[in-house]
Amino acid sequence: MPELPEVEVVKRSLKNNIINLNIKKVTINTNKLRYKINKSKFNKIKDIKILDIKRRSKYLLIKLEKNITILAHLGMTGKFFILDKTGTRKKTSFYYRLNNNDKKHNHLIFNLNKGKKLIYNDVRKFGFIKIIASKNISTHPHLKFLGPEPLLKQFNIKYIQNYIQNKNRNIKDILMDQKFVSGLGNIYVNEILFLSKIKPNKRTKNLNIGEMKKIIYFTKSILKKSIKEGGSSIKDFNDSEGKQGVFQQQFNVYGREGEKCTTGKCDKVIKKMVISQRATFFCKSCQK
DNA sequence: TTCTTTGTTCCGGA
DNA sequence: GTCCGGAACAAAGA
């Protein structure tokens, strides 16, 4: 369930660990992830240096020399981790929920110089990795229609007002729509609407300015907080020793069906229902 | 065996 | 043509 903050955390970790290394060889252990893997394209990235790592929405962009970019999406359970030359997993923050012995789901292995390996592991294979031309990134089908990054200034009141004009959708649906704003998933949208005190099935035409302001404020603040904490939408975040992380405890509504409302001013219980095809948690009393 | 989980895409009806 | 909601899809664990 990596959403924007988790992908950002992975990006930063990779940036600290593999930039300026060369790709020596790529071992591919599966025919397809979300999409069929084009093995011949991966064969062409031998002896090419990793220049930079970027993020757009929930996509990772590993920029290589020679106008090549590795485009990766983690899907539900995709993760990257790094092994050093002794085969020890590097102590970085981005390999949650990973069993050391789980070689079965190590689908791609990038052998780098200095004996390092970058491994893509994905239990459910809903993620994907593609090789694309760097110069075509903004027009690539996966990226072309993405809405603004929620942490940038383009995500503001005027933008929201303009976008929802003449639309009759519920606010949860539109926040999860990557064309409207890119990078939010089910978990963060549940949290944003709880903090904004707006019911998830509220029609966007019934939102007032104050509510839009709250959505913007809490979207930005919760994403920033989560990035700072190292990514929190992972249910069972483990550190390198396998100890459970503290972050999964910090959701206010997600996964809290039947528990007392966490505002502290309300004695009602968190309800769960399906809205926009996804598990939706909310407080009937606090969210209007 | 069925249900659940996710982001993304596609399709039918209005 | 456009908008909206629902279904489908991927894989695996409970």
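Reminder, nothing fancy here: chain letters follow the sequence lines and each chain counts from 1. The model shown is predicted, which means the values in this text are computed figures rather than measured ones.
Atom CD1 of A:I275 is separated from atom C1' of B:dT6 by 17 Å (rounded to the nearest Å). In this structure, the CG atom of A:L175 is 15 Å from the P atom of B:dT8, given to the nearest Å. Nucleotide C:dC4 holds its P atom 11 Å from the CD1 atom of A:I164, rounded to whole Å. The interatomic distance linking A:M273 (CE) with B:dT4 (C1') rounds to 18 Å, in whole Å. Distance CG (A:N121) to C1' (C:dA11): 13 Å, rounded to an integer number of Å. Rounding to whole angstrom units, CZ of residue A:F180 and P of B:dT8 are separated by 16 Å. Taking atom CZ of A:R278 as the reference point, atom P of B:dT5 lies 9 Å away to the nearest angstrom. Remark: C1' of B:dT6 and NZ of A:K79 are 13 Å apart, rounded to the nearest angstrom.
Side chain A:R124 to base B:dT6: no donor-acceptor pair is found below 3.5 Å.
Comparing B:dG7, C:dG6, B:dT5 by their nearest atom to the side chain of A:H73 picks out B:dG7. With distances taken from any side-chain atom of A:R169 to the nucleotides C:dG6, B:dG7, C:dG5, the minimum falls on C:dG5. The A:R34 side chain lies nearest to B:dG7 when the options are B:dT5, C:dA12, B:dG7. For A:Y254, counting side-chain heavy atoms from C-beta on, the closest listed nucleotide (B:dT5, C:dC4, B:dT9) is B:dT5.
Under 4.0 angstrom from either OP1 or OP2 of C:dC3 there lies no side-chain N or O belonging to A:R203. Phosphate proximity of B:dG7 to A:Y188: absent, as no side-chain N or O sits under 4.0 Å from OP1 or OP2.
Note on A:N186: only backbone sugar-phosphate atoms sit closer than 4.0 angstrom, heavy atoms only; bases stay farther off. At a threshold of 4.0 angstrom between heavy atoms, the contacts of A:K272 are confined to the sugar-phosphate backbone, with no base atom among them. Residue-level contact check: A:F128 touches neither bases nor backbone, having no heavy atom under 4.0 Å from any strand.
Residues A:K130 and A:H140 have side chains that never bring a donor and an acceptor to within less than 3.5 angstrom of each other. Side-chain contact, A:K172 with A:N186: a donor N or O sits under 3.5 Å from an acceptor N or O.
Residue A:N170 is the one, among A:K32 and A:N170, whose nearest nucleotide of DNA chain C lies closer to the 5' end (criterion: closest heavy atom). Heavy-atom nearest nucleotides on DNA chain C were determined for A:K125 and for A:K167, and the one closer to the 5' end corresponds to A:K167.
Side chain of A:N252 to backbone of A:L195: no donor-acceptor contact under 3.5 angstrom is found.
Nearest heavy-atom pair, A:L184 versus A:Q178, reported as atom, atom and distance to 0.1 Å: O-NE2, 3.0 Å.
Here the OG1-NZ distance, from A:T263 to A:K197, works out to 5.5 Å after rounding to the nearest 0.5 Å.
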